[in-house]
Number of protein chains: 2
Amino acid sequence: MRWSPDARERLERAAFELFAEQGYQATTVPQITARAGLTTRTFFRHFADKREVIFAGDEIPDVARAALAAAPPDLDPLDIVVHGLHRVADERFEGRHDQVRAVRRLILSEPSLRERDARKRADLTDAVRQGFVDRGLDASDAAAVAETAVVLFHLALESWLDGPADRRMADVVDEQLGRLRAVLDGRPASSRFVTRRDGRRNAT
Amino acid sequence: MRWSPDARERLERAAFELFAEQGYQATTVPQITARAGLTTRTFFRHFADKREVIFAGDEIPDVARAALAAAPPDLDPLDIVVHGLHRVADERFEGRHDQVRAVRRLILSEPSLRERDARKRADLTDAVRQGFVDRGLDASDAAAVAETAVVLFHLALESWLDGPADRRMADVVDEQLGRLRAVLDGRPASSRFVTRRDGRRNAT
DNA sequence: GTCTATATCGCGATAGAC
DNA sequence: GTCTATCGCGATATAGAC
């Protein structure tokens, strides 16, 4: 055929290569498309803007929506959140420590990418909030649950990336949940032990 | 002087007028500067980009930094946060319900402004986090406290803007704090007929 | 202040897929 | 033939350099 069907993938690969070689900012869209053997116009048909190449394939909001729609009707919201985060941790992050870390590093290095990342986070919050509203949760509670969920996700992600590659992210989720509880209990936040709902002790 | 010293204010006013008349996206920087009687270059000397006009005078991160540096050394982090939010609510929001609401509406209407707003939120989180680190708080706890603080701020702001103009925002802060606690305790405050840990019923 | 790069988008033409 | 992805050209606004 005249065009390969993998234009999108080629663009992504070319972009990441060039970002690694020259940095994000120094790389122009024409450079990316040149390497991918396509035209500039084609790039913008696949990605809304230059930043989106980095975040392509970010289906986490979809995962959240699906999980919320599928969860049993009368489960406690926080349980749904924690279970969901465990699943996401296991299925989408576990074993990709280095890879995720590299992308994260790129994002944090460029203000415009940080900004896009913040927007993705807001979008995710909104998806979760809407998901809980659709489950019949009161709007204000849904907002609070969604914010909590996304904060927990981010704290866990950052902490996991900061730590050793063999640490399970799902465990970090639990640890950060304890930390959030401690903060809201007004306990000296750095106390070593937090009481879990089941009454057992959870050393940090 | 040849030029009025209030260039920045004139630009802001012209921008808001034009955004109201034609929408944000349809308004170009040259249009704004033309109305303000200035050149395009001048605009970018005062604002990093077109979006920043909306967020000009956003010194909340500075307020947060100052408050954290000034607070007594061994206060509980959450107390600092809540006191700080009460102050910000009283000093910077109280009595400006309509005004804040109008800006918020504009921001929410335009994806690129939503994105910038999300970035501001991330910047604020980082300022608070750093402030607590400077106070000697453990880095992970500082991150958790900062996220909690900013979530609380945003939940309170949105809720306050959604409600009647005569409601005190400081009260909404307290209410949202209770909501967050309830979420983390596994009992959303207004969920219907959820059994609380003390065994009593909690109807909406 | 002027000049310019580069991101971004609209439009019409075209080339293969089905 | 119709549909979709790509191309090629052009226009414009933002943003930064000199």
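The figures here come from the full heavy-atom set of this structure, side chains too, leaving out hydrogens, waters and symmetry mates. Quick note on labels: first sequence line is chain A, next is B, and so on, each numbered from 1.
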Rounded to whole Å, CZ of B/R51 lies from P of D/dT14 at a distance of 10 Å
Taking NZ from B/K50 and P from C/dA7, how many angstroms apart are they, rounded to a whole number? 18 Å
Taken to the nearest whole Å, CD/A/Q31 to P/C/dA5 is 14 Å
Rounded distance in Å - CD (B/E110) to P (D/dT14): 12 Å
More 5' along DNA chain C: A/T28 or B/T39, using each one's nearest nucleotide? B/T39
Using atom CG of B/D49 as one end and atom P of C/dT6 as the other, report the distance to the nearest whole Å. 19 Å
Which residues within residues 40-48 of chain B lie with some heavy atom under 4.0 Å of an atom in DNA chain C? B/R41, B/R45
Mind checking what makes side-chain contact (heavy atoms from CB on, under 4.5 Å) contact with B/A71, not counting sequence neighbours? B/I80, B/R135
Atom-to-atom span, CD of A/E52 to P of C/dA7 - whole angstrom: 15 Å
Check the distance between D/dT14's C1' and B/Q25's CD and give it to me in whole angstrom. 12 Å
Residues in side-chain contact (heavy atoms from CB on, under 4.5 Å) with A/P164, at least two apart? A/D166, A/R167
Checking A/D90 against A/R168 for the salt bridge (Lys or Arg N to Asp or Glu O under 4.0 Å) test, could you report, in this order, the C-alpha distance in whole Å, the side-chain angles of both residues, the deciding distance, and whether it holds? CA-CA 8 Å; A/D90 287 339; A/R168 279 195 67 223; 2.9 Å; yes
Pairs meeting criterion ring pair (Phe, Tyr, Trp, His ring centres under 6.0 Å) with involvement of residues 17-76 of chain A, two or more places apart: A/F19-A/Y24, A/F43-A/F47
Which residues pass the side-chain contact (heavy atoms from CB on, under 4.5 Å) test with A/E158, not counting sequence neighbours? A/R104
I need the full list of ring pair (Phe, Tyr, Trp, His ring centres under 6.0 Å) pairs touching residues 60-106 of chain B, with sequence neighbours left out, sorted by first then second residue. B/F93-B/F153, B/H97-B/W160
